[in-house]
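Order of the sequence lines sets the chain letters (A, B, ...), proteins ahead of strands, with each chain counted from 1.
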2 protein chains.
Amino acid sequence: MAQAPSGSVLAKPSACCEIERQAWRLNEDAGLSERTTHATVDDVAALAGVSTATVSRCLNAPERVIPATREKVMAAIRKLNYTPNFGARALASRKTGIIGAVVPTLENAVFAHGIEAFEQALPPGKFALLIASSGYDPQREREQIEALVARGASGLMLVGFDRDPTVYEWLGHRRVPYVLAWASGDSQPHAGFDNEAGIAQMVGLVLELGHTDIAMISGMTEGNDRARGRLEGARRELARAGLEFRGVAEVPYGIETGARAFEKLIASHPVTAVICGNDVLAAGALRAAHRMGLRVPEDVTITGFDDIDIASITYPELTTVRVPHRRMGSEAARLLQQLIDGKEGQSVQLPTRVVARGTHAPPRRKDLPASA
Amino acid sequence: MAQAPSGSVLAKPSACCEIERQAWRLNEDAGLSERTTHATVDDVAALAGVSTATVSRCLNAPERVIPATREKVMAAIRKLNYTPNFGARALASRKTGIIGAVVPTLENAVFAHGIEAFEQALPPGKFALLIASSGYDPQREREQIEALVARGASGLMLVGFDRDPTVYEWLGHRRVPYVLAWASGDSQPHAGFDNEAGIAQMVGLVLELGHTDIAMISGMTEGNDRARGRLEGARRELARAGLEFRGVAEVPYGIETGARAFEKLIASHPVTAVICGNDVLAAGALRAAHRMGLRVPEDVTITGFDDIDIASITYPELTTVRVPHRRMGSEAARLLQQLIDGKEGQSVQLPTRVVARGTHAPPRRKDLPASA
DNA sequence: TTGTAGGCGTTATCAG
DNA sequence: CTGATAACGCCTACAA
């Protein structure tokens, strides 16, 4: 009988031009079928000649066991290849060591990086991270939250502040601690930054350059406080200078959508600068500009927000607003752990700053070529 | 006493220029302190006037309970705001509904997208996804695998084939089903594509254009079968044409490392084409080329691999190898579920193809300017 | 320092 | 279709 480590080949269809497939199955105890069940504390205790309590202590509080017996126990554990049963342990100890996180999507680098930092900031071995994505859908987010809690999450990391109040009530009733990342304000525990202040800095820069005909490509603002904060912050800063946008497009996240929005905006408004709600939209706008034969920044200024990797590989490199996403992820992890431990935790508001690269310049003097 | 939904403000230091912090704590039952414990099946059963068995059935096999009693039970559940205890459920049913995944890092868009697709392909509500990242460190990956299994993962998704055989033995012994994503070969259940074939297509294109002085910027090959497959595949294709690389740099994943490698390669070898192991390295190379004043593709051809988003926002847009990362993620999810269910599953090998965009061209005739 | 024994909240196997 | 009741595997006072 086949003895492959974990499975056995059932069939291998001849290689086809398109997609090759091959059948697999978890093998059903091909060889030794004596003990199909796993070792338990009792087995370990018996083999080591101690009580189950001692075995448990060796695992959870080694210092409370004398080295000699501890050695015996550990040897038995190794020999039996014993691993504590997760369910039993969770049931008895009333803790799972699982933390949940719901993000809109990991396809947005901002969240992927933040989550990565979040995960790395969790004490290794002490916590594991359960991740779900909502696709920016509030209803789905709610289901995901409930699913994670149902799977034993003893703490949650959520993105942004905007959500139905009943979600917070539910969480409060269940006594599930949570942290809002990429959020600001002070009505909830959070780790974030000020979107309005960040975009205001950028708009300030554009205004200083002398632009007056400005448009904005914003992400979808519904249920997204980040996008809304940026749009509103930009409007406010413009208003302070007695101006308003010549055009505003609100589009879903994506390079293509950013490109389309740019084309439309340029076609219908005589703008010299386009403020984008994030780097991906800006990258799309930049690509559209290239394809339309517009020079950046000579003909048009384009700015981003987030400063993710792509901001430094566009050509010219993107002028954007730097946001410490990774730092935010780790701060969120720190805060959440403190909340879970019942300790006092600190919400934190991280600073942002404009990174001036190559996509901004003073507006083109429109009268020059015309009056020549 | 404060009655905030889930916490109460303890202190708010005056806003500082750098980082603002604010103290939080999960409030300790500020109001009603009657029942600090959660409702259990017994409570629900009592309130509904049925047995715990019936309550359990209502949750796990509603069709086995007549609508009348089911309604009573559901009403009691709602009223008590009852949620099954995860640990108890896992212990009794011997299943957690948790699937684990270990990836090198979510900061690599390839994995972020694949994982996102993997998660979405999991039946919602039936499974939750536990994620850990290894940082490309085999030792850490092993720890993460054990941690996920210890947290109740009943199936695993791992990246690539390269790892200590004892890991597979351990998994086999524990009877934990697993799927290798971004992997090929046929000794394990996998969902992937052929790195060697993919890169060979690209090298073929470059050779056809007439290049003979070619270099490669590869990702780190140790413990990374994807990078190694690409490097070896390229070497082999070159050898078929009687050529070999004029230079090879093996560098960690990143834009900066790609840029540095390109500078060094160009400085020490008279190459006309640089094959890159992935799009990020290629983007770095492209940026370096721009900064060095080299024209792409007139002066030098640069190619990538993966076709992630950034490939279409570089300037010129990147010629690369398209890999169906999302499709792979969902195929991996499908396969893993079948393995978990004890059913036969199909390994799958997805096709790749060259996407010819703007960074390739015939080599520059070096003798032309010199002989003029 | 170590052992004893009860309980954690569900599910599952039987009868009824 | 529903109800007792015995696992499920581990933790943790409490005793020794």
Side-chain angles (χ1 to χ4, degrees), chain A residues 35-77 80-98 126 149-154 174-175, chain B residues 35-74 76-77 80-98 126 149-152 154 174-175:
Chain A
R35 184 178 48 68
T36 178
T37 177
H38 278 186
T40 71
V41 265
D42 296 287
D43 301 326
V44 176
L47 180 59
V50 300
S51 74
T52 62
T54 300
V55 175
S56 177
R57 280 187 210 105
C58 282
L59 260 23
N60 306 303
E63 73 281 2
R64 297 179 57 77
V65 176
I66 200 170
T69 45
R70 196 195 307 165
E71 256 324 306
K72 279 192 305 186
V73 173
M74 296 315 273
I77 287 180
L80 261 31
N81 219 293
Y82 165 77
T83 315
N85 174 285
F86 175 66
R89 172 176 262 191
L91 176 57
S93 68
R94 321 187 126 284
K95 58 178 61 167
T96 59
I98 289 181
K126 195 161 169 235
V149 171
R151 288 288 182 294
S154 44
R174 284 265 176 328
R175 312 206 68 69
Chain B
R35 183 178 49 69
T36 179
T37 177
H38 277 187
T40 70
V41 264
D42 296 287
D43 301 326
V44 176
L47 180 58
V50 299
S51 74
T52 61
T54 300
V55 175
S56 178
R57 276 191 288 263
C58 282
L59 260 23
N60 305 303
E63 72 281 1
R64 299 178 55 78
V65 177
I66 65 174
T69 44
R70 195 196 309 165
E71 256 323 306
K72 280 193 305 185
V73 173
M74 295 316 273
I77 287 179
L80 260 31
N81 219 293
Y82 166 76
T83 316
N85 175 287
F86 175 66
R89 173 174 262 190
L91 176 56
S93 70
R94 319 187 125 283
K95 57 177 62 165
T96 58
I98 288 182
K126 194 161 170 235
V149 171
R151 288 289 182 294
S154 44
R174 284 265 176 327
R175 312 206 67 69

(message) Between B:L47 and B:L80, is the side chain to side chain contact (heavy atoms under 4.5 Å, CB included) condition met? List the steps.
(response) CA-CA 9 Å; B:L47 180 58; B:L80 260 31; 3.6 Å; yes

(message) Applying side chain to side chain contact (heavy atoms under 4.5 Å, CB included) to B:F86 and A:V149, what does each step give before you reach the verdict?
(response) CA-CA 9 Å; B:F86 175 66; A:V149 171; over 6 Å; no

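- When the nearest nucleotides of DNA chain D are assigned to B:T52 and B:I66 by heavy-atom distance, the more 5′-ward of the two goes with B:I66.
- The residue A:S56 sits close to a base: some heavy atom pair falls under 4.0 Å.
- Between B:C58 and the choices B:V65, B:V50, B:V44, the side-chain contact (heavy atoms from CB on, under 4.5 Å) rule is met once, by B:V65.
- Neither OP1 nor OP2 of C:dC8 sits under 4.0 Å from any side-chain N or O of A:S93.
- Both B:A88 and B:A53 sit near DNA chain C, but only B:A88 has its closest nucleotide nearer the 5' end.
- Whole-Å rounding puts the A:E63 CD to C:dT1 P distance at 10 Å.
- Going from atom CZ of A:R70 over to atom C1' of C:dT2 covers 14 Å, rounded to whole Å.
- In this model, the phosphate group of C:dG9 is approached by a side-chain N or O of A:R94 to a distance below 4.0 Å at OP1 or OP2.
- B:S93 contributes a side-chain N or O that, together with a main-chain N or O of B:R89, makes up a donor-acceptor pair within less than 3.5 Å.
- Extent of DNA chain D lying under 4.0 Å from chain B heavy atoms, first and last nucleotide in 5' to 3' order, is D:dC1 to D:dG9.
- Contacts of B:F86 with the nucleic acid, taken as non-hydrogen atoms under 4.0 Å apart, are absent.
- Closest heavy-atom contact between B:A45 and B:S51: CB-C, 3.8 Å.
- Backbone-only engagement by A:V65 is indicated by non-hydrogen atom pairs under 4.0 Å involving sugar-phosphate atoms exclusively.
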(request) Check the pair A:Y82, A:L59 against side chain to side chain contact (heavy atoms under 4.5 Å, CB included), reporting the backbone distance first and the verdict last. (result) CA-CA 11 Å; A:Y82 165 77; A:L59 260 23; 3.8 Å; yes

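- Here the P atom of nucleotide C:dT10 and the CG atom of B:N85 are 6 Å apart, to the nearest Å.
- As judged by a 4.0 angstrom heavy-atom cut-off over every strand, A:L91 is placed among the base-contacting residues.
- The distance from atom CG of B:N60 to atom C1' of C:dA12 is 11 Å, rounded to the nearest whole Å.
- Atom-to-atom, NZ of A:K72 to C1' of C:dT2 comes out at 10 Å; the value is rounded to the nearest Å.
- The nearest whole Å value for the distance from the CG atom in B:D43 to the P atom in C:dG9 is 9 Å.
- Separating the CZ atom of B:R64 from the P atom of C:dA12 is a distance of 11 Å, rounded to the nearest angstrom.
- Between the side chain of B:R151 and the backbone N or O of A:I98 there is no donor-acceptor pair closer than 3.5 Å.
- Side-chain N or O atoms of A:T96 include one that pairs as donor or acceptor with a backbone N or O of A:G152 at under 3.5 Å.
- Rounded to 10°, the helix from C:dT1-D:dA16 to C:dG16-D:dC1 has 20° between the axis fitted to its first five pairs and the one fitted to its last five.
- Nucleic acid contact for B:V50: sugar-phosphate only, since backbone atoms but no base atoms lie under 4.0 Å from a heavy atom of the residue.
- Remark: side-chain polar atoms of B:R57 are not paired, donor with acceptor, to backbone N or O of B:T52 under 3.5 angstrom.
- One can place CZ of A:R57 at 10 Å from C1' of C:dT4, the figure rounded to the nearest angstrom.
- In this model, a donor atom of one side chain and an acceptor atom of the other lie less than 3.5 Å apart for A:R174 and B:T83.
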